[in-house]
Amino acid sequence: MLVNLKDILADAQKNHYGVGLFNTPDTDMLDAAISAAEEARSPIVLGTGEELMPYGDLQLLAPAFVSAAKRAKVPVVVHLDHAFTYERCVEALSLGFSSIMFDGSSLPVEENISRTREIVKMAHAIGATVEGEIGHVGQASTCDNATDDLYTAPEDAVSFVEATDVDALAVAVGTAHGDYKVKPKLDLERLKLIRAATDTPLVLHGGSGLADQDFRDAIRCGIAKVNIFTDMCTAAQNAMKENADKHYMQIRDARYQAVREVVLRKIMLFGSNGKY
């Protein structure tokens, strides 16, 4: 069933588990993720991001996303991850996405707030939800996740939520997107302070590569949604290498199973299994 973030994150926050967002820029990954969620009886967020568009056109993918969500036996949010422009947000909503993330984290704070607020008004008018970001989740390739002056300040989180009315808030507490070059160190005390300061569900980006205990700690300290992509890609790539001498369809099946296993394992780790 097609739902939005409000439909699933309130319970996750109340009962201290995390819901996974799995970016699936093709239909094989999409199918694998839903299959895993149905087996685990878990709500799930499926997405693709603006930076992934060269590998999966939004106009082509959107009907598959929406149709698969409506047919699913579990709640599925169809979410645009890391949209950087108003126009891309409009496009996703017009194609039936139930949720979007506007990423204005690289903009001056006031501009981030004003743009996010405008997109929230538009999305809420049609029953969709919006995730925003304050602070800046960096890139593992440059190790800027270790630069704590980019981290989310609790007081900034409060003012951002109050000014924008976002439905979920991505926070920077030490993670980064991509493959980590050095082991990340989560600022859990900062995360606790943010959680205490706002009731808005919090989101952890840059989840791939964290240790299992890191996820448990982050969820315990207030994270309700966890984003995963790189781990899925790594598993799929390894499966294709291991089956490179086989028929294309056998390679495809190995890739599918590898992605499915990652999603299923993350669902169990985040504690969202059996929640539907």
Side-chain angles (χ1 to χ4, degrees), residues 1-48 52 56 61-79 81 96-99 168 201 203-204 207-216 218-220 223-240 242-243 246 249-276:
M1 66 194 71
L2 178 64
V3 299
N4 63 36
L5 291 182
K6 275 191 171 181
D7 295 325
I8 61 173
L9 293 190
D11 188 70
Q13 182 167 301
K14 178 182 177 181
N15 293 297
H16 308 291
Y17 63 89
V19 177
L21 174 142
F22 301 92
N23 274 320
T24 56
D26 64 43
T27 54
D28 288 346
M29 296 178 82
L30 168 67
D31 187 29
I34 289 183
S35 175
E38 289 181 332
E39 178 180 333
R41 294 186 299 115
S42 171
I44 191 173
V45 185
L46 297 179
T48 186
L52 298 175
L61 285 176
F65 269 92
V66 174
S67 175
K70 289 179 177 178
R71 295 198 320 267
K73 300 173 184 176
V74 295
V76 178
V77 179
V78 176
H79 183 80
D81 194 27
F97 277 54
S98 60
S99 187
V203 181
L204 187 73
S208 293
L210 294 182
D212 287 357
Q213 191 58 47
D214 289 331
F215 286 116
R216 296 187 188 102
I219 292 167
R220 173 178 55 82
I223 290 295
K225 172 175 171 281
V226 184
N227 284 27
I228 299 293
F229 180 54
T230 301
D231 278 351
M232 298 159 65
C233 293
T234 300
Q237 185 173 343
N238 289 340
M240 289 188 289
E242 292 165 6
N243 293 273
K246 297 180 180 178
M249 296 309 296
Q250 293 175 302
I251 297 172
R252 181 265 176 196
D253 187 57
R255 173 177 173 265
Y256 171 95
Q257 293 299 334
V259 171
R260 189 181 187 281
E261 288 171 13
V262 169
V263 175
L264 186 58
R265 184 177 183 280
K266 297 298 187 189
I267 285 172
M268 299 299 185
L269 178 60
F270 302 162
S272 63
N273 53 301
K275 295 301 189 291
Y276 183 78

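Given the structure is predicted, the values throughout are model-derived calculations rather than measurements.
Between R255 and Q250 there is no side-chain heavy-atom pair separated by less than 4.5 Å. I223 is not listed as a side-chain neighbour of V203, based on a closest heavy-atom distance of 4.5 Å or more. Y276 has its side chain within reach of P75: a pair of non-hydrogen atoms, C-beta onward, lies under 4.5 Å apart. Using a 4.5 Å heavy-atom threshold, the side chains of L30 and D28 count as separate. Counting only heavy atoms from C-beta outward, the side chains of R260 and V262 never approach each other to under 4.5 Å. Within the 4.5 Å cutoff, the side chain of R41 has no heavy atoms near those of the K275 side chain. Counting heavy atoms from C-beta on, the side chains of L264 and M268 come closer than 4.5 Å. For the pair M1 and V76, the minimum side-chain heavy-atom distance is 4.5 Å or more.
If you take CG on L204 and CG on D214, they are separated by 9.0 Å, rounding to the nearest 0.5 Å. Residue D81 holds its CG atom at 9.5 Å from OG of S99, rounded to the nearest 0.5 Å. How far CG of N243 is from CG of N238: 11.0 Å, rounded to the nearest 0.5 Å. N23 contributes atom CG, which lies 10.0 Å from atom CD1 of I228 (distance to the nearest 0.5 angstrom). With rounding to the nearest 0.5 angstrom, the CD atom of Q257 is 5.0 Å from the CG atom of D253. Between atom CG of residue L21 and atom OG1 of residue T24 there is a gap of 8.5 Å, rounded to the nearest 0.5 Å.
Panel note: side chain S35, backbone D31; no donor-acceptor pair is recorded below 3.5 Å. Side-chain atoms of D7 come within 3.5 Å of backbone N or O of N4 as a donor-acceptor pair.
A pairwise comparison of heavy atoms in P43 and S272 identifies CD-O, 3.8 Å as the closest pair. Contact between A32 and V259 at its shortest, heavy atoms only, is CB-CG1, 4.0 Å. Residue S98 comes nearest to L2 through the heavy atom pair OG-CD1, 3.8 Å, listed as atom of the first residue, atom of the second, then distance. For the pair A239 and A258, the tightest heavy-atom approach, listed with the atom from each and the gap, is CB-CB, 3.8 Å. Annotation for E38 and V74: closest pair CA-CG1, 4.0 Å, computed over non-hydrogen atoms. Looking at every heavy atom in both residues, G207 comes nearest to F215 through O-CZ, 2.9 Å.
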*Which is it for V19 and V226 under the side-chain contact (heavy atoms from CB on, under 4.5 Å) test, yes or no, and what are the steps along the way?*
CA-CA 6 Å; V19 177; V226 184; over 6 Å; no

*List the steps and the verdict of side-chain contact (heavy atoms from CB on, under 4.5 Å) for F229 and M29.*
CA-CA 10 Å; F229 180 54; M29 296 178 82; 4.2 Å; yes

*Step by step, work out the side-chain contact (heavy atoms from CB on, under 4.5 Å) result for N227 and K225.*
CA-CA 7 Å; N227 284 27; K225 172 175 171 281; 2.9 Å; yes

*Can you list the steps and then say if I34 with L46 is a side-chain contact (heavy atoms from CB on, under 4.5 Å)?*
CA-CA 8 Å; I34 289 183; L46 297 179; 3.4 Å; yes

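Judged by the 6.0 Å and 45° rule, K266 forms no cation-pi pair with F22.
Salt-bridge formation is not detected for the pair D231/R265: no Lys NZ or Arg NE/NH1/NH2 atom is positioned less than 4.0 Å from an Asp or Glu carboxylate oxygen.
At a cut-off of 3.5 Å, with distance as the only test, a side-chain donor of D11 or Y17 sits close to an acceptor on the other residue.
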